[in-house]
S.K.: 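Below is the structure I would like to discuss, written out as structure tokens.
Sequence lines set the chain letters: A, B, ... in the order given, protein chains first and strands last, and positions in each chain run from 1.
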Amino acid sequence: MIIENNPLLLTSLVHPLEYQTEKDCQKSDLFNWMTNTLSGLEMKLGDLTDNLIGSYLVTRNTYPRLWNLFRLAMKRLDCRETVPLFIKRGYELDAEIRGSENDGSMIILNDACLKELEDDELLALLGMQVGRIKAGHTKNLRFLDIMRSGMDSLPVIGSVIGRKLYSYFSQRKIASGYTADRGGVIAAGSVTAVIRLIRKQIGADFSFIDPMILGKQPIQTPEKMGMYYIWLTELLGNYGSIERIRELRSWVYSADFKEKTPYLHYTTRLYFEDEGTDKHDRDILLLHKRAQNGNYIAMGQLGECYLREKNGLPADPYAGVSLLKEAAYHGLGGAMYLLYACAEIGIAGIPKDKLMAEQLLRAAGGRFDNARKEAAALEKLVKFKGADKAVQIVIRKNPGGLSFRLNTDAVKDKLTADECGTIRNAFWMPADDEIIAAELHDSVDGISGLVVSQTGIYGRLSSSGFPFFIRWQDYAGKEVYQMPGDDGTYFYCNDKPFYRCPSVLKGSIGELLVTIKLKLAK
Amino acid sequence: MLYTNPEPQFIHPKDKSVKDKIYQSDTIKQIIDYIFSEGLDEINTYVYQSSFVRLPREHKAWSYLDEGCRLFKVSESPVICLHRDYNMDVKCTGYNHPVILLPDSLLKAENDEILRIRMIAAAAAVRAEHHKLDFLIWFLEHTVGQVNKFFIGPLLERYLLSWKRASNYTTDRAAFIACQNKELAVKNILFGKIPISELEKFDFGVNGTFSGQTQEFFSQKGLMDIASSLYGAFQLETWLPKRYYELQKFIMEQR
């Protein structure tokens, strides 16, 4: 289940220690001198050229999965800079940012990440880099590296001076890592994804490692730190990983985090096997646990709590809507009814959309008593005299070798009752609307595709997207056209994409829709 | 059991002699004093504690390490930390606070007999104080080696790396003592260096699959001497045929 992120979390991206160390650095004449000198030189470091020569540029066509995750990370972190993403060969599960104020930022990802990381972990890793860019690390911290490599090239004592200077800013560097981790949390919408990523990075991705161990492992801080600490940490690819996990843990438990995103707060506490402080806290944790385990009634209850601030839970409309959406995909009428109310006003990522609200109300009508009366009134409006004509076209079409399936007794592979039930839930269809034909794409997350019914066309472009409905009267009366989208060509109606065209239209439900459109127009 | 008191025998003579020379050096003594005055050992421990996950005590690798500590008379079990590495060798570091670094790739290989003998050999490495010189190598590499990359650094490195390579012979011996099995001890040398699927086809006997390669290597003696001086001087690991040869010699000596 993908929980939509609360944008409020973005305001906590920069770790307080980074603010503090930044202020300390700004008090330093050395820091200011170096920053001013380097920006005055207006150098182009050639990072982009380096990567264009030695790495592989990720595009929508070359790595569609990675591209989509990267775009999601950029969107969730509200990063508007143009940032190229490169892949290079590397064993470590890591990525880095390079660039400068004049070159712009770029991200370089090791190819091992593509093989070994789950989608949410990859999203977290990309989010860490995008978070760094957002926090200005390309500009503010890269000069430290430049300074080091510059000093290294001085004979005899250059590298020692370089390291000594570098260690002067060590706290800043460490704090920047905490900020990056927060970027990962915001992008992935999950603290556990970042922790799982860190565990994989340090080779501790084993089921026998109890997450509690991470919090309890003894750490003795030495009296002296200084430059040797930085030298040592440089040798270890992921220095301070346990400290980073603890830092994330304390962030999760902070009042600020709980207030901004209580759902993440509670679900992360489950990961740390937190048993709760009192009975109420334990009950709330248990409800989250049931929802996490896929109990859609618990999802519905929790979603309502977050929308209406019930049971002592603060408002978290983004989590509330995500939970209700998931519960609605399991056919929970109450969740559909609440979402209908959301679509009426537009809240937490649900656009104000009259048609979607109508669809939700109709779907809730057959499933939830409170919605029955309102839905019945609406049902009359949906009826359209051209509907029978459209349905007849679908049924007459020979299904042999075609990508869609008919739901009539005349065909051998008629949709089963179970399939019809899943389709009704996944597309938020009213229980009494008859399914005529369907073209479905099943993935681990759920179903996407298109369903033709007695009253119109139901669609869902991706398993995580909202379903939508086009009434036959709209389909007949409004303009329908094709336009290229992000990942293919789409059919549009009411200026909204509703069907992704296959590479060959012939034999698909797309071809059928064109036929219906032509016939209905006559 | 071939051995009742393994301590005097398992340390390779070269390991011992080079180590003795190193510790007799006044420069090394000064460096060690400096390390302690700067609290470097504590910093090192802190970095490992805050960067790597300790292996839970219930894991079988701990019982193998304990077995090794008993066998080689290590008074206190070092800490085992997991780390991500495609190299399947178990390493140790830290000066007065030894840390055993167990690579995740070795655990994922799920070869219990190799895990056991490598953990026992790690205890032997601690007994032979390999962690101390490993720590010194790290320190010199990143301090003196950096100060003057062209002269002092390489000289010191060469001195210590000569010991480092000999230390492999000691751990190979310890692995043999742990398993009392010639074939398995040879397999241990090659495990992780040669694709595991290929290794399964190997005959590890005296005249086994790798012996031909070793003979071929030693037949290139003139060339090998030059190559050994020029190339091998800065290598952290000993060449496999040399380890194979030294191990076979040790096994033969015990008969």
S.K.: Got a sec, which pairs hit salt bridge (Lys or Arg N to Asp or Glu O under 4.0 Å) with one end in residues 90-101 of chain B, sequence neighbours left out?
M.R.: B/D85-B/K91
S.K.: Once rounded to the nearest 0.5 Å, what's the spacing between atom CZ of B/R84 and atom OH of A/Y91?
M.R.: 4.0 Å
S.K.: Identify the two heavy atoms, one from A/A204 and one from B/V53, that lie closest to each other, and give their separation to 0.1 Å.
M.R.: CB-CG2, 3.6 Å
S.K.: Contact part of B/S37 toward chain A, heavy-atom cut-off under 4.5 Å: side chain, backbone, both or neither?
M.R.: backbone
S.K.: Let me confirm one number: the OH-CD distance from B/Y86 to A/E92, rounded to the nearest 0.5 Å.
M.R.: 8.5 Å
S.K.: With only heavy atoms counted, which part of A/L93 is less than 4.5 Å from chain B, the side chain, the backbone, both or neither?
M.R.: both
S.K.: Can you establish whether the number of heavy atoms outside A/Y19 located under 6.0 Å from its atom OH is more than 12?
M.R.: no
S.K.: Do B/L82 and A/I209 touch side chain to side chain, with heavy atoms closer than 4.5 Å?
M.R.: yes
S.K.: To the nearest 0.5 Å, how far apart are CG in A/D205 and CG in B/L107?
M.R.: 11.5 Å
S.K.: Is there side-chain contact between A/F208 and B/P56, with at least one heavy-atom pair below 4.5 Å?
M.R.: yes
S.K.: Run the side-chain contact (heavy atoms from CB on, under 4.5 Å) check on B/K108 and A/F206 step by step: do they pass?
M.R.: CA-CA 9 Å; B/K108 284 174 183 164; A/F206 292 100; 3.9 Å; yes
S.K.: Nearest 0.5 angstrom please: A/I242 CD1 to B/C81 SG, how far?
M.R.: 8.5 Å
S.K.: Using a cut-off of 6.0 Å, state whether more than 12 heavy atoms not belonging to A/R65 lie near its atom CZ.
M.R.: yes
S.K.: Is the count of non-hydrogen atoms from other residues, nucleotides or ligands lying under 6.0 Å from A/E275 atom CD greater than 12?
M.R.: no
S.K.: Output the distance between atom OG (B/S51) and atom CZ (A/R244), rounded to the nearest 0.5 Å.
M.R.: 9.5 Å
S.K.: Is it the case that atom NZ in B/K29 sees more than 12 heavy atoms from other parts of the structure closer than 6.0 Å?
M.R.: yes
S.K.: Counting only non-hydrogen atoms closer than 4.5 Å, can you tell me which residues of residues 112-120 of chain A sit against chain B?
M.R.: A/A112, A/E116
